[in-house]
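The analysis underlying the following values was restricted to heavy atoms, covering all of them including side chains, and did not include hydrogens, waters or symmetry mates.
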Amino acid sequence: MIDLIKELTESYGPSGREEEVQKVVLKYLEGHIDGHKFDPVGNLLVWKRGRDDKEVLLDAHIDEIGLVVTNIDDKGFLRVEPVGGVSPYTYVGHRVRFPKAIGVVYYEGETPEEQKKNLSNLTFDNLFVDIGAGDRSEAESLVSIGTFGVYDSYFYKNGNYLTSKSMDDRIGCAVLVEVFRNLKDPRHTVIGSFSVQEEIGLVGAFVSAYSFSPQICVAVDVTDSADHPKGLKRHAMALGKGPAIKIKDKMSISHRKVVELLEQAAQKANVPYQKEVLTFGGTNAAALQRTKEGIPSATLSIPTRYVHSPSETVSLNDVEGAVKLLVSFVDLELEL
């Protein structure tokens, strides 16, 4: 599974530009699914047929946060806008990767005093990206206005912890891939939605279920981990204590019966789990709940440190536990 996670997280796939990651998913799913297709929005949908006529949809968004070039000055420096919920502070001094160039992000300031002022009040207005171009023409030979970039960060394993860019939500994608690789003769048809453009407003998930008629949906995503210095005191989630079954966040309340089924699946598979109440944010479950006439939905989360940074960190135990839990879940009798 480590090779899968490394390849997924290091792939280039900002919102709206997810094709490279989709190819990785399909490579690892070869021989483990009965079919796949792309819907008009670009979601990758895969399925494994079950013994009965019921359908379970598992979702993980395949995009990542990033930057988009908005302007190029005469000296070849790029101006950028965030794609998704990105703090300008996480980019300062870091590299950003475009399809044909690598750039360094820094902030303006002609004097130390001006730099200090800009750093204390940092916005994307005083950030720039240096791709090593001497002028606008040279820069435009590598990037153009509208080119998307992502953190230039690599995967590494530190004991039981895994760190990389785009764990949000490539780790959810890895979980889904492993679930399908472990399905032999499922009771229900299992549908995997590797949905696009979650980071800019759950775009893909609003339509991903229209091609099917699932009786139940589970979104797999990351969540905040509060087990670091001065973590949020109202959050209980921690690395290494198991995947977290979400009760609510700012955008949705998980369907009670789906929560109960997830708990039942965890107990059946002997997987430790946490309960999650997130005081901000949301997942694709909020969109799936609103699809068609409404689909009972919930979220299974992977606690993550340093979300939306170049070094998002998860516990391998939690990831493996999520796989076992979901393999157990999709084999339960669906009574809602």
Examine the side chains of [X] and [Y] and answer whether a donor and an acceptor come within less than 3.5 Å of each other.
| X | Y | result |
| --- | --- | --- |
| K37 | S211 | yes |
| S225 | T304 | no |
| S208 | N43 | no |
| E276 | S301 | yes |
| Y28 | E7 | yes |
| T299 | D221 | no |

Going by the rule side-chain contact (heavy atoms from CB on, under 4.5 Å), which residues pair with T147 if we only count those two or more places apart in sequence or in a different chain? V69, F98, P99, V143, S144
How would you list, by chain and number, every residue that makes a side-chain contact (heavy atoms from CB on, under 4.5 Å) with S120, sequence neighbours excluded? none
Closest non-hydrogen atom pair between [X] and [Y], with its separation:
| X | Y | result |
| --- | --- | --- |
| L334 | K54 | O-NZ, 3.3 Å |
| A139 | L78 | CB-CD2, 4.5 Å |
| H235 | T279 | NE2-OG1, 2.8 Å |

Quick one: list whatever passes ring pair (Phe, Tyr, Trp, His ring centres under 6.0 Å) with Y151, sequence neighbours left out. Y91
Can you name the one residue among V24, V177, L176, L44 that meets side-chain contact (heavy atoms from CB on, under 4.5 Å) with L29? V177
Would you mind reporting whether V190 and R49 have side-chain heavy atoms less than 4.5 Å apart? no
Which label fits Y156 and Y154: parallel for a plane angle under 30°, tilted from 30 to 60°, or perpendicular past 60°? tilted
Parallel, tilted or perpendicular for Y306 and H228, by the 30°/60° rule? tilted
Is the gap between the ring centers of F329 and H188 under 6.0 Å? no
Quick one: which of E312, E10, E64 gives a side-chain hydrogen bond (donor to acceptor under 3.5 Å, both in side chains) with K165? E64
